[in-house]
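Comments concern the structure below.
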Amino acid sequence: MRYAMAIDTKKCVGCSDCVVACQTENHVPIGYCRDWVVEVMDGTYPQLEMEIRSERCNQCGNAPCVRCCPTGASHFEEGGLVLVTADKCIGCGACIQSCPYDARYSHPDGHVDKCTFCNHRVEVGGKPACVEACPTKCMYFGDLDDPGSDVSKVLKTRKSKTLIPEAGTEPYLYFLI
Amino acid sequence: MASRRDFLRVSAFGIGGMFVAAAGLKLQASISDLNERSDKLYLNLIKTPTYCEVCFWKCAGWVYKTDEGEIWKIVGNEIDQHCNGRFCPRGTGGVGMYHDEARLKTPLIRTGERGEQKFRKASWEEALDMVAKNLQNIADKHGPETIALLSHGSGGKYFTNLIKALGSDSSAAPSFSQCKGPREIAFLNTFGEEVLSPERTDIRDTRCMVLIGAHIGENMHNGQVQEMSDAIDKGASIITVDPRFSVVAGKSKFWLPVKPATDIALLLAWIHVIIYENQYDAGYVEKYTYGFDYLKQHVKNFTPEWAYGITTIKPGTIRETAREMANASPAVIIHPGRHVTWYGDDTQRLRAVAILNALLGSWGRRGGFYQPESMPVPSAPHPPYPKPRKTWRDALNGKFNMTELPLASEFVEASLPDSDRDLQYKAWIVNGTNLIFTLPDQQKTIDALKNLEFVAVVDTMPMEITAWADVILPECTYLERYDSIRNSPHRLPSIAVRIPAVDPKYDTRSAWWMAREIGLRMGLDDYFPFETQEEELDWQLKELGTSLEEMTRKGVKNFERSWDDLYIAKGQEMEFFTNTGKIELYSTSMAAAGFDPLPVYTKHELPPAGFYRLNYGRAPMHTFSRTSNNPNLTDLMAENTLWVNPKISKIEGIENDQYVWLENSKGIISTFPIKVRVTERIRWDSVYMVHGFGHQNKMLERCFGKGASDTELMSIVHKDPVMGGTGMRGNFVRIHIEKPQEELS
């Protein structure tokens, strides 16, 4: 089992519903976020191109955050999920420094926090809150080992990319382009 | 069975109320898989149905609470046609409306001058007595018709009932004269029907959609955004006409960076190409339309070459995009937009939009415009309303005869000290609309507010308008109250309910309760027959063959259509509700009223040297000025920015993130500075900002002084002579690095 997410940049309108859906679902304190929206512009008026991406933890296969964590708080779980055990985290912030995607933040409760692919929902057959909330249905989630999953199907038919592949982190967050 | 004409008459402008027998209504859809799964996921939680009040789209959803009984999150109701189980950021962030600690907490009575913001706390008894006494005095002294209601949202219905029972029909919403009015009047005078809300655009099945200044995606009209995404998935092409590179421009096959205020020239050139290249739907035009020959003659000289000189859009692009639309016909939508009060000839521009749709045969066709249906909901029985001695039309002094609804901006005119209107207003009840940030020409609104004998404001939040109230009545949020049944028109007729998820926080009450309490104090008991809204809803729902108990479990109920198909069948005989019974390319009503029966291009004023056109729009995470203090939504966007082209930033010597002040051509200076955003996404002749920021009420702790208010810079208003819409895009601003000194006067 290998969980992954694909986000269609052709459909995303950058509304940030994924951000607020995550914040309410996961009780993320106001002022912090586990996912965010990036707008990339290219060209000069009126020859312009724009890409909008909803970004979050890449749930890397080769995760620098797990490697550098001194207490084992950052760890792999079933399905390749990278999670943080809050009780084990001493808040040293090494993982925050090591993440090339800037996907982690220090929670005011003293531990590091980040996207979990809504593990608590996925475990009982649901989808991450952002995926279910997105008004444009631009996010696809599922098990890459299952060829019938939403994410497997869409990655088969559409061109995609990952972010900073040169970092060698084996990211599992794909962007459809 | 009622006829289609009856249905349309009832549903026109949404204020329905006709009763139909409940027999024969069938439940269409069952609760979805998702809702069942959600039940399994959150079995230990109570979920309550609601429909959203953060914007006018009114998506139905579920409110979930934590074990402690606190509101946790809001998600969409899967069977709701407005949202298909998916809320937008504002709906998801609606929890912030409940949690916002800046909310109005208790009734307040003014102690200083109007506008001074000096209030004392009052009991409900005292506040309601004061409202009733003042309204009664004014009714006795000047006549009840001098009492006006300005509202936006669910509470409007209850206060409309109150003022109608008193003998006034002056109930206006800025959503007409400041927003979609020109569109509705233009379509009414072309197709005999309005576009309605949610718009009847069949985006999910369209093959080509044309957006003119409409920025779907940035305006989060949920259902439309969803369908646009579906259409993109299915390979539909989008043509965006916008001087700004909007989000949807970035998803479009064609982006036409039109010179501002020249849209009608482009539309006329498109009509020219489609007619003279024989690209129109000839069978449809012949069978259903009136005035084709007049139109053909009218647009003869409006060639793409003619339009190029006006719009700066190349003739080849105009032809190519016209063909793109024609190739998709009839599955093509020239989108009528929503906020369309721009330059004062807006009804004519929207007529051109309507005509283009008619030529391409998209009205009533799959992928064009569907035929919506709404569920008639019975009104609580009450005696007939007294006939008003003067009506809202008497406040127009013979102007704007083609409007079908009262005009909020003209209520202001008829409330000014020197008003010569046949009907002059003496009291306002304001509910859910921050008029200071809604109506252009702020000074006029303030002059009217100063002149009124009584002002009562009902809102959940302190706003600029609450500063002008004599009495403030704090409303509980939509998460804490019942409200009337939502029966907006859609593909299937449907109903949705709003059930309180929690008890009202603070000493707040529902608008339904307030209107009734005021009514009882004025001896209008017969117009408020139910003691609680719960009882009223249960009675209404039972008349519709369901119950409050069932609807509390389901939230939404969709019914089968009872007349006409979603689309006009091939060869179907149709009578349109126009004078000729046809789709009027040539408008006989406009001709009779002395207006151009076919749209013409009028040249609009250009910005003077050193000034830029002030353009404005929406952000997906905010609704007007009402969400600016919402903790969840402010977290997504805390202030607006001033978009300027890099060329302009060089000329002005300004940089990204620098704060600047704006001054309009009438010398009005923005109260607060605004942060510069240097971006290629805007033309060099205009600047852009998101509407709704620059709040001036200090009680709004989070958003006070954040960003600039576009409304305060709108001193020039181009009124649409056809229906009185207030064109707001003819304002020009210049940029100041230091705050300019106000001239002493």
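Computation of the quantities below employed the complete heavy-atom set of this structure, encompassing side-chain atoms and omitting hydrogens, waters and symmetry-equivalent molecules. Each chain gets a letter, A, B and so on, in the order the sequences are listed, and its residues count up from 1. No experiment lies behind these values; they were computed from the predicted model shown.
One distance of note links CD of E49(A) with CH2 of W255(B); it measures 12.0 Å at 0.5 Å rounding. Between the SG atom in C22(A) and the NZ atom in K73(B) there is a gap of 11.0 Å [rounded to 0.5 Å]. For the atom pair CZ of R702(B) and CD1 of I30(A), the computed distance is 7.5 Å after rounding to the nearest 0.5 Å. Atom-to-atom distance recorded for K11(A):NZ and S229(B):OG is 4.0 Å, nearest 0.5 angstrom. To the nearest 0.5 Å, atoms CD (Q47(A)) and CZ (F245(B)) are separated by 10.5 Å.
The parts of N632(B) that come within reach of chain A are both its backbone and its side chain, each placing non-hydrogen atoms under 4.5 angstrom from that chain. Neither the backbone nor the side chain of V28(A) comes within contact range of chain B; no heavy atoms are under 4.5 Å apart. Proximity to chain A is absent for every atom of I74(B), based on heavy atoms less than 4.5 angstrom apart. When heavy atoms are compared at a cutoff of 4.5 Å, R90(B) does not approach chain A at all. S246(B) touches chain A through its backbone: at least one of N, CA, C or O sits under 4.5 Å from a heavy atom, while the side chain does not. Using a 4.5 Å cut-off between heavy atoms, C18(A) does not touch chain B at all. For I52(A), the part sitting under 4.5 Å from any heavy atom of chain B is the side chain, from C-beta outward, and nothing else. N84(B) does not touch chain A: none of its heavy atoms, backbone or side chain, sits under 4.5 Å away.
For the residue pair C15(A) and P89(B), the shortest heavy atom distance occurs at O-CG, 3.2 Å.
Using a 4.0 Å cut-off between a side-chain N of Lys or Arg and a carboxylate O of Asp or Glu, E39(A) and R677(B) qualify as a salt bridge.
Heavy atoms of other residues, nucleotides or ligands lying less than 6.0 angstrom from NZ of K234(B) number more than 12. Heavy-atom contacts from other residues, nucleotides or ligands closer than 6.0 Å to NZ of K137(A) number more than 12. Open room surrounds NZ on K314(B); 12 or fewer heavy atoms of other groups in view lie less than 6.0 Å from it.
If you tally non-hydrogen atom pairs under 4.5 Å between each of I232(B), N645(B), D233(B) and chain A, the highest count goes to D233(B). Note: M220(B) leads M220(B), E227(B), E218(B) in heavy-atom pairs under 4.5 Å with chain A. Heavy-atom pairs under 4.5 Å with chain A were tallied for R683(B), E680(B), M228(B); the largest tally goes to E680(B). Interface remark: of the candidates C83(B), A249(B), P257(B), P257(B) forms the most heavy-atom pairs closer than 4.5 Å to chain A. Most heavy-atom pairs under 4.5 Å with chain A: of the set V225(B), N222(B), D230(B), this distinction falls to D230(B). If you tally non-hydrogen atom pairs under 4.5 Å between each of G250(B), G217(B), A638(B) and chain A, the highest count goes to G217(B).
Residues K647(B) and Y45(A) are not in side-chain contact: their nearest non-hydrogen atoms beyond the backbone lie 4.5 Å or more apart. Looking only at side-chain heavy atoms (C-beta outward), T136(A) and R86(B) stay at 4.5 Å or farther from each other.
Between Q23(A) and the options L636(B), T92(B), V95(B), a side-chain contact (heavy atoms from CB on, under 4.5 Å) holds for only L636(B).
Under the 3.5 Å distance criterion, the side-chain polar atoms of K251(B) are matched with a main-chain donor or acceptor of T9(A).
Using cut-offs of 30° and 60° on the angle between ring planes, the pair H27(A) and W72(B) is parallel.
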